[in-house]
Amino acid sequence: MVEATNFIEQIINEEIESGKVDENKIQTRFPPEPNGYLHIGHAKSLCLNFGVKEKYNGKCNLFLDDTNPSKEKEEYEEAIKKDIEWLGFSYDKVVHASDFYEQIYSYAEKEIEMGNAFVCDMTPEEISANRGTLTEPGKESPYRNRSVEENLKLFHEMREGKFPDGSKCLRAKIDMASPNINMRDPVIYRILRETHYRTGDKWCVYPMYDFAHPICDYLQGVTHSLCTLEFEDHRPLYDWVGITLGFNPKPRQIEFARLNVTNLVMSKRYLKRLVEEGKVDGWDDPRMPTLTGLRNRGIPSEALKDFCARIGIAKANSEVQISYLEACVREYLNANAERAMAVLKPLKVTITNYPDGKSEQVDFEINPNEEIKRTRKINFSKHIYIDAEDFSLAPPPKYFRLKKDGYVRLKSAYIIHCDDVVFDKDGNVQELLCSYVEDSRSGNDTSGIKVKGTIQWVNEADGKDIEIRKYGYLLKDAEYEGQDFSERMNENSVSVFNGKVEPYVFTNDIDTPYQLMRTGYFKRLVVKGKEILSEIVSLKDNFNK
RNA sequence: AGGGGUGUCGCCAAGCGGUAAGGCACGGGAUUUUGAUUCCCGCAUUCGUAGGUUCAAAUCCUGCCACCCCUGCCA
């Protein structure tokens, strides 16, 4: 018996124990509609469904719920597959609702034969008008009592294309007085002349989600059909289909709360607007909550999965702080990212007492967390750059960095002393004239000087100019209640720096993440043909508190 | 009396009648050639609320309150 980590696994365990389900046949499915890009919310569902598969040694298909040809595209299906691959999940099969169209149609005929469904001639408006309200029952359709023969004939003619779109539909005959509106003779088949991305123009009738889904689950052998909370009201209909059609074993639908994350827009509509209005560079913009965006951002899939595991699965509506995701990303990257040095705002430093033309190599630790420390060489010479933020003319108390007449250590190299400041004609700091302490070299410092601060630097001779980008959130940190999306848009979610970076970062694969020391985690990214350094997540900063 | 759900620390979330896990965040301290990391220590006498049952209740019962979802031929 596996140890349950959430209420769904608890249910599965109980069912196995009671013999309700075969422990060797646990099966789930990841069921996106191929009508858009997957986002971080889907990652939660992916982790849940594939988590159950892996835990119970069961199966999990990628089920593309393509019952509405007007919204679905091949392009989305391919993007979905790529995202799943990125997360490292392997599905047993790729199946589509459309693979089962013929069988679903037969099941509809069966419902008609059993007197459980009828062809209704009312228009969508009429059906809506007769559905009743939340507090009042609906009215039965005048076509509700057609004979089985007539229903069958009409349903066949619907398929044959004898009726225009919307003129007729197939409805389940359940209960127009049900307090659950989904049970008031729901439409289960509609006439729709739309080219389907997989079946083309073969069909002009398409099953509705509520009818197709339980059938597809059953046909695949799904034992547990996991979906989000808004489908709770649909479960009676899901069960109705299974029971009337005599499914055995009948799949069980279980609902869980969808993921909400602060400062993130998840709605497809708004995401689309961001793309269309040019607020972002596309669906894969590093600021987007889409999986393609997160991947482009450099969020490690391991960290995303860790996040999903840590937030858990429950039924309470909740909103997770984005800082939780960031913590997971930092934790992973801290252990796995190589360190490198770059400066966002280069400030020239000349080491006046260092010999002209001399260059030496210092040892730089690749990742201080490694058990077996690895180092690489970095050139050091008379001319270097430090970050302008690491020098202050008017330092606050407890300032650890460089100040006039102060000392600071250059990471992996020497301690320097700021002797003089060169200003430009506008009075801005242009250059620092420093002297280095010759016997303070990293590794064999015999100078006896204790410095509080250590800062990163880039050697002028081999530093590369590069645009460095840091990101803010797409949504401002506001009370989401009552606030319109457009009012919450953060118009300044990109900060651009003309920085310098050591050449080492170009020697690895483009997706390699680095911790730019004291700056954050970054990776290279090609934006409009130009290579930049793009922020993955910042480093935690306790100093500003 | 529409129906279906949910309410445990700032944010997630365990708990399933025996006297409030854990993570993130936060506060304090130690170590640190990243003000990072790591390491200690602290962080709900209380579980939406009011009653009841019980030797014992976050867990059982009853009432109330709050929030979410449902009137697509969308999923």
Side-chain angles (χ1 to χ4, degrees), chain A residues 5-7 10 31-33 35 65-68 70-72 97 120 122-125 127-129 131-138 165-171 178-184 186-192 205-206 208-210 212-213 227-236 255 257 262 307 309-328 330-331 334-335 339 341 365 367-369 398-401 408-415 440 442-443 445 451-456 515-520 538-545:
Chain A
T5 55
N6 56 249
F7 80 99
Q10 239 168 54
E33 179 184 11
N35 70 343
D65 207 345
D66 56 349
T67 52
N68 186 355
S70 57
K71 294 182 175 178
E72 298 145 3
C120 182
M122 292 203 286
T123 64
E125 295 70 33
I127 289 178
S128 177
R131 190 160 12 235
T133 66
L134 295 179
T135 52
E136 298 162 288
D165 289 10
S167 62
K168 279 183 171 48
C169 65
L170 185 70
R171 292 226 259 166
S178 172
N180 181 345
I181 293 173
N182 295 302
M183 300 298 271
R184 318 239 264 228
V187 173
I188 57 176
Y189 255 94
R190 81 279 215 174
I191 304 173
L192 221 201
V205 291
Y206 291 94
M208 301 292 290
Y209 163 86
D210 282 314
H213 210 88
C227 63
T228 44
L229 251 28
E230 65 269 30
F231 290 101
E232 277 182 314
D233 288 343
H234 295 245
R235 193 174 59 228
E255 311 84 11
T262 60
F307 171 69
R310 295 218 245 174
I311 57 173
I313 299 289
K315 294 194 73 164
N317 287 117
S318 62
E319 187 176 40
V320 180
Q321 294 171 338
I322 192 154
S323 57
Y324 206 167
L325 206 213
E326 292 170 348
C328 294
R330 284 193 193 101
E331 189 175 302
N334 176 49
R339 314 283 118 128
M341 295 199 287
E365 238 171 28
N367 185 335
N369 296 315
K398 289 195 169 178
Y399 186 77
F400 294 171
R401 289 110 92 178
V408 80
R409 159 149 245 130
L410 296 175
K411 174 67 188 172
S412 298
Y414 296 91
I415 290 173
S440 68
S442 270
D445 180 357
V451 293
K452 282 288 227 179
T454 299
I455 61 174
Q456 77 278 22
Q515 184 198 90
L516 299 183
M517 294 200 91
R518 304 204 317 125
T519 304
S538 67
L539 238 32
K540 214 158 102 179
D541 181 12
N542 289 327
F543 175 61
N544 294 324
K545 281 163 191 161

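Lettering of chains follows the sequences in order, A, B, ..., and the numbering in each one begins at 1. Keep in mind that the numbers below use all heavy atoms, side chains included, and drop hydrogens, waters and symmetry copies.
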Does the A:E331 side chain pair with the main chain of A:A327, one donor and one acceptor, at a distance under 3.5 Å? no
Say we look at B:U8 and B:A57: how far apart would their C1' atoms be, to the nearest angstrom? 14 Å
If you restrict it to nitrogen or oxygen atoms, what contacts under 3.5 Å exist between nucleotides 14-18 of chain B and the protein, and what is each distance?
{"residue": "B:A14", "atom": "OP1", "partner": "A:I313", "partner atom": "O", "Å": "3.4"}
{"residue": "B:G15", "atom": "OP1", "partner": "A:Q10", "partner atom": "NE2", "Å": "2.9"}
{"residue": "B:C16", "atom": "N4", "partner": "A:Q10", "partner atom": "OE1", "Å": "3.0"}
{"residue": "B:C16", "atom": "N4", "partner": "A:Q10", "partner atom": "NE2", "Å": "3.1"}

Could you check if a side-chain atom of A:D233 sits within less than 4.5 angstrom of a side-chain atom of A:I181, using non-hydrogen atoms only? no
Taking A:R330 for its side chain and A:G520 for its backbone only, find out whether a donor-acceptor pair lies under 3.5 Å. no
What nucleic acid atoms does A:F231 come within less than 4.0 Å of, heavy atoms only: base, sugar-phosphate, or nothing? base
May I ask you to say whether A:R235 pairs ionically with A:E255, meaning some side-chain N is under 4.0 Å from a carboxylate O? yes
With the side chain counted from C-beta on, respond yes when A:M517 and A:Q515 share a heavy-atom pair under 4.5 Å apart, and no when they do not. yes
Check the orientation of A:Y209 and A:H234. Use parallel for under 30°, tilted for 30 to 60°, and perpendicular for over 60°. perpendicular
Nearest heavy-atom pair of A:D65 and A:E72: which atoms, and what distance? O-OE2, 3.4 Å
Any side-chain heavy-atom pair from A:S440 and A:V451 closer than 4.5 angstrom? no
Describe the nucleic acid contact of A:I311 in one word from base, sugar-phosphate, nothing, applying a heavy-atom distance below 4.0 Å. sugar-phosphate
Does a side-chain N or O of A:R401 approach OP1 or OP2 of B:G35 to a distance below 4.0 Å, or not? no
Verify the contact: side-chain N or O of A:S70 to OP1 or OP2 of B:C74, cut-off strictly under 4.0 Å; return yes or no. no
Whole-Å C1' distance, B:G48 and B:A56: 23 Å
Expressed in whole Å, how much space separates the C1' atoms belonging to B:C47 and B:G17? 15 Å
Rounded to the nearest angstrom, tell me the gap between atom CE in A:M122 and atom P in B:C73. 10 Å
When rounded to whole Å, the CD to P distance for the pair A:E136 and B:G2 reads 11 Å
So, OP1 or OP2 of B:C24: does either fall under 4.0 Å of a side-chain N or O from A:R330? no
Considering every strand and a 4.0 Å limit on heavy-atom distances, what is the contact class for A:Q515: base, sugar-phosphate, or nothing? base
B/S/- along nucleotides 4-10 of chain B (protein heavy atoms under 4.0 Å) is SSSS--B
B:C9 versus B:U71 - spacing of their P atoms, nearest Å: 32 Å
Under 4.0 Å, heavy atoms only, any strand: does A:H234 hit a base, just the sugar-phosphate, or nothing? base
P atoms of B:G63 and B:G2, separation to the nearest Å: 15 Å
Using atom CG of A:L134 as one end and atom P of B:C70 as the other, report the distance to the nearest whole Å. 10 Å
I want to verify a distance call: between B:G35, B:G72, B:A13, whose nearest atom is closest to the A:S128 side chain? B:G72
Looking at B:G72, I'd like to know if its phosphate oxygens (OP1 or OP2) sit under 4.0 Å from a side-chain N or O belonging to A:R131. yes
Round to the nearest Å and state the distance from A:I127 atom CD1 to B:G72 atom P. 11 Å
Stepwise, does the side chain to side chain contact (heavy atoms under 4.5 Å, CB included) test hold for A:N369 with A:N334? CA-CA 8 Å; A:N369 296 315; A:N334 176 49; 3.1 Å; yes
With a 4.0 Å cutoff (strictly under), does any side-chain N or O of A:N180 reach OP1 or OP2 of B:C70? no
From CG of A:N334 across to P of B:A36 the rounded distance in Å is 12 Å
Is the phosphate of B:A75, meaning OP1 or OP2, less than 4.0 Å from a side-chain N or O of A:T67? yes
For B:U37, does either OP1 or OP2 sit under 4.0 Å from a side-chain N or O belonging to A:K540? yes
Need one value for A:R339: base, sugar-phosphate or nothing, where a base atom within 4.0 Å counts as base even if backbone is also close, heavy atoms only. base
Does A:G443 reach a base, just sugar-phosphate, or nothing at all? Heavy atoms under 4.0 Å. base
For atom CG of A:D541 and atom P of B:A25, their distance in whole Å: 14 Å
Winner on side-chain proximity to A:Y324, out of B:C24, B:U34, B:C73, is B:C24
Nucleotide forming a Watson-Crick or wobble pair with B:A66, both distances under 3.5 Å: B:U6
Heavy-atom check, side chain of A:K411 versus side chain of A:R339, under 4.5 Å: no
Measure from the side-chain heavy atoms of A:P368 and tell me the nearest of B:A25, B:A75, B:U34. B:U34
Hey, which of these two, A:Y189 or A:A413, hits RNA chain B nearer its 5' end, going by closest nucleotide? A:A413
Roughly how far apart, to the nearest Å, are B:C64 and B:A21 at atom P? 33 Å
Please tell me which of the listed nucleotides, B:U33, B:G2, B:C12, lies nearest to the side chain of A:R409? B:U33
At under 4.0 Å between heavy atoms, what does A:R310 touch on the DNA or RNA strands: base, sugar-phosphate, or nothing? sugar-phosphate
Suppose you measure atom C1' in B:G23 against the same atom in B:U19; what distance do you get, rounded to whole Å? 24 Å
Can you tell me whether the base of B:G35 sits syn or anti, using the 90° cut around 0 to define syn? anti
Proximity to the side chain of A:A327 - top-ranked nucleotide from B:G35, B:A75, B:A25: B:A25
Between B:U62 and B:G5, how far apart are the P atoms? Round to whole Å, please. 15 Å
Determine whether A:S442 and A:R409 make a side-chain contact, defined as any pair of heavy atoms from C-beta on separated by less than 4.5 Å. yes
Under 4.0 angstrom, heavy atoms only, what part of the nucleic acid is A:K452 near: base, sugar-phosphate, or nothing? nothing
Give the rounded distance in Å between these two atoms: NZ of A:K411 and C1' of B:U34. 6 Å
Heavy atoms only, 4.0 Å cut-off, all strands: where does A:S178 land among base, sugar-phosphate and nothing? nothing
Students often get this wrong, so: under 4.0 angstrom with heavy atoms, is A:S412 touching a base, only sugar-phosphate, or nothing? base
Looking only at heavy atoms, which two atoms of A:V408 and A:F400 are closest? And how far apart? CG2-O, 4.1 Å
Determine whether a donor-acceptor pair (N or O, by modelled atom type, separation under 3.5 Å) exists between the side chain of A:R184 and the backbone of A:S178. yes
Quick one: on RNA chain B, does A:G453 or A:E33 contact a more 5' nucleotide (nearest heavy atom)? A:G453
Send over the distance from A:N369 CG to B:A36 P, rounded to a whole Å. 13 Å
Side chains of A:M122 and A:V187 in contact at under 4.5 Å (non-hydrogen atoms): no
For A:F400 and B:G35, is the gap between ring centres under 5.5 Å while the planes differ by less than 30°? yes
